[in-house]
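Everything on this sheet refers to the single structure shown next.
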Amino acid sequence: MTVFKKIIDRQIPADIVFEDAECLAFRDIQPQAPTHLLVIPKREIRSLAESQPSDSALLGHLLRVAAELATRLGLDNGYRVVINTGADGGQSVDHLHLHLLGGRPLRWPPG
Ligand code: DGP
């Protein structure tokens with residue numbers, strides 16, 4: 001079981017900022033920006049690469065939730081949404097998650 005599943009099941013604590021029937025958003029434990037949230041589906045999908053066409057509506061919902069949270073948290077000057085995928089993508093938790101980063105200028109390209 002991944003650490004994110006444990007957060008969904010309330011087996012370990014997290015600073016949860018949003019929840020609905022399909023997803024959960026909480027603050028990253030190692031923030032890389034003044035605002036750094038993770039938006040995750042409650043259903044266990046290991047990565048974007050392992051998502052299916054039938055997950056399309058859920059994936060769209062996660063993006064919309066990220067956008068709504070960015071507005072709610074006042075990221076009016078912009079923000080970045082990142083999905084690290086697989087080893088080269090730097091994915092460290094095998095439960096699909098969107099990073100929502102903002103509150104400072106973000107450089108490009110990432111490392
Ligand atoms: P990634 O490297 O893209 O797989 O991102 C995983 C992120 O998850 C990383 O930024 C740190 C965060 N993280 C790992 N364990 C925990 C945890 O127990 N609680 C919270 N809030 N975040 C975690």
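Counting convention: from 1, in listed order, for ligands and their atoms alike.
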Q: Considering the heavy atoms of Q30, write down every atom of ligand 1 situated less than 4.0 Å from one of them.
A: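 Atoms satisfying the 4.0 Å criterion: 11 (C).
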Q. Which atoms of ligand 1 sit under 4.0 Å from any heavy atom of Q91?
A.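 Those qualifying, in numeric order: 4 (O).
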With heavy atoms only and a cut-off of under 4.0 Å, state how [X] meets ligand 1: side chain, backbone, both or neither.
X	result
S92	both
D15	neither
Q32	neither
I29	both
L38	side chain

Q) Counting heavy atoms not belonging to D15, are there more than 12 under 6.0 Å from its CG? A) yes
Q. Are the ring centres of H95 and H97 closer than 6.0 Å?
A. no
Q: Could you tell me whether R10 and E19 have a side-chain N and a carboxylate O separated by less than 4.0 Å?
A: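 Yes, charged N to carboxylate O under 4.0 Å.
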(Q) I want to know if ligand 1 touches H97 in the polar sense, i.e. an N/O pair below 3.5 angstrom. (A)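 Yes, at least one N or O pair falls under 3.5 Å.
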(Q) Using a plain distance cutoff, I'd like to know if V93 has any nitrogen or oxygen under 3.5 Å from a nitrogen or oxygen of ligand 1. (A)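 For ligand 1, there is an N or O atom that lies under 3.5 Å from one belonging to V93.
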(Q) How far is atom 9 (C) of ligand 1 from the closest protein heavy atom, and which atom is that? (A) D28 OD2, 3.3 Å
Q.
For a quick test of reading the model, state the closest non-hydrogen atom pair linking H36 to H99 and the distance between them.
A. NE2-ND1, 2.8 Å
Q. Are I7 and ligand 1 in contact, using a heavy-atom cut-off of under 4.0 Å?
A. yes
Q: Check which hydrophobic residues are tied to V17 through side-chain heavy-atom contacts below 4.5 Å, counting indirect links as well, and list them.
A: F18, L37, V39, I45, L48, L58, L59, L62, L63, V65, L69, L73, L75, Y79, V81, I83, L96, L98, L100
